[in-house]
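These notes concern the structure reproduced below.
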Amino acid sequence: MQLVFLGAPGVGKGTQADKVVAQYGIRKISTGDLLREAVRNQTKLGLEAKGYMDQGQLVPDSVVIGLVHNGLSEPSCRSGFILDGFPRTVRQAEELERVLNDKMLRLDRVINFQISREDVVKRLSGRRSCPKCQAIYHVEFAPSPRGALCDRCGESLVQRNDDRREAIETRLKIYEDQTAPLISFYEKKNMLSHLDSAGTVEAVYQGLAQVLAAYDKA
Ligand code: AMP
């Protein structure tokens, strides 16, 4: 299966992608995860990206396109992949088509995860993560049993800089202006499936699994 997961920040794409990876054994290429890793490792690319990310701005196309190009070049992608958080602009989507053509790959489906703006703000502003093992919690919906400490490794949980109120507003505005146009871009190509993502992780995954059943050639 060769998939793109599309949707506003906080919609749960990454969580659902992890479940698909666990079930189908395909690769996840998350530009957000790759960029955060680069920031943690203080690479040149990470240092360039950090300022944009902290403010909720998009990192320049040249940087993210390079990351996706490298990811798709790995042989493991031949058995399937999910692009999570990429493309985020029409220009990135066009570039993706070129990269896939070059590699003789193609997309099976683009899944558009949908929830209300109000729910997005609730999910993002309550999200906490562990800077050591990257576990994710939510103060209301999925709190750590150890309060402000990570249940897995005991580290103090933190709020991502881009999950603060001001950055959330910026990210949502950018989503509406630059990413939402991808809905009609992929709709015109008959590649899009809409998925209601307001429910629990399990409920959303059930809906997703039904959509994906048509593309599972294993
Ligand atoms: P995410 O975890 O997908 O919400 O991404 C976190 C941040 O990484 C975004 O707010 C952007 O700053 C940056 N980022 C991730 N993917 C992209 C992309 N496709 N294009 C530009 N910036 C991106």
Side-chain angles (χ1 to χ4, degrees), residues 3-21 27-72 81-100 107 110-115 117 119-131 134-138 158-183 185-186 197:
L3 307 167
V4 164
F5 281 8
L6 194 67
V11 81
K13 307 183 292 288
T15 306
Q16 296 296 328
D18 288 340
K19 289 179 79 68
V20 175
V21 166
R27 271 285 309 277
K28 169 172 109 163
I29 302 174
S30 158
T31 41
D33 286 352
L34 292 170
L35 288 165
R36 276 185 291 277
E37 193 186 333
V39 171
R40 274 197 303 279
N41 295 336
Q42 302 192 341
T43 65
K44 187 166 166 274
L45 187 151
L47 294 175
E48 187 187 341
K50 187 176 185 321
Y52 297 99
M53 294 174 75
D54 283 350
Q55 287 172 36
Q57 303 279 353
L58 292 186
V59 171
D61 282 345
S62 55
V63 174
V64 280
I65 289 166
L67 286 175
V68 171
H69 194 278
N70 290 345
L72 288 172
F81 58 82
I82 301 172
L83 291 170
D84 164 20
F86 182 94
R88 257 178 158 92
T89 64
V90 170
R91 163 136 195 257
Q92 290 181 7
E94 288 168 349
E95 195 56 39
L96 175 62
E97 287 185 340
R98 263 189 292 281
V99 174
L100 291 173
L107 293 178
V110 177
I111 314 293
N112 181 36
F113 291 78
Q114 294 178 298
I115 57 170
R117 187 186 166 97
D119 280 347
V120 163
V121 174
K122 251 196 237 160
R123 286 190 187 186
L124 291 177
S125 55
R127 183 158 69 179
R128 298 290 181 274
S129 56
C130 173
Q134 317 314 321
I136 309 268
Y137 301 90
H138 190 282
V158 295
Q159 183 176 42
R160 272 168 51 174
N161 287 336
D162 61 349
D163 282 344
R164 293 177 202 276
R165 209 25 107 125
E166 220 177 79
I168 292 175
E169 288 301 323
T170 307
R171 289 162 76 195
L172 285 174
K173 171 99 179 63
I174 289 177
Y175 168 76
E176 276 148 26
D177 292 349
Q178 301 198 47
T179 309
L182 289 177
I183 295 172
F185 179 92
Y186 285 119
S197 321

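One-based numbering, in listed order, for ligands and for the atoms of each. Since this is a predicted model, take the numbers as computed values, not measurements.
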Query raised in the report: Would Lys122 and Asp119 satisfy side chain to side chain contact (heavy atoms under 4.5 Å, CB included), going step by step from the backbone distance to the final call?
Result: CA-CA 5 Å; Lys122 251 196 237 160; Asp119 280 347; 4.2 Å; yes
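Listed by first and then second residue, the side-chain hydrogen bond (donor to acceptor under 3.5 Å, both in side chains) pairs involving residues 62-71 amount to none (not counting sequence neighbours).
Under a 3.5 Å cut-off, the side chain of Gln16 and the backbone N or O of Gly12 do not form any donor-acceptor pair. No donor-acceptor pair closer than 3.5 Å links the side chain of Arg127 to the backbone N or O of Ile136.
No side-chain heavy atom of Arg88 sits under 4.5 Å from any side-chain heavy atom of Val64.
The immediate protein surroundings of ligand 1, defined as residues with any heavy atom under 4.0 Å of it, consist of Thr31, Gly32, Leu35, Arg36, Met53, Gln57, Leu58, Val59, Val64, Gly85, Phe86, Arg88, Gln92, Arg160, Asp162, Arg171.
Note on Glu176 versus Lys173: no salt bridge recorded, every NZ/NE/NH1/NH2 to OD/OE distance being 4.0 Å or above.
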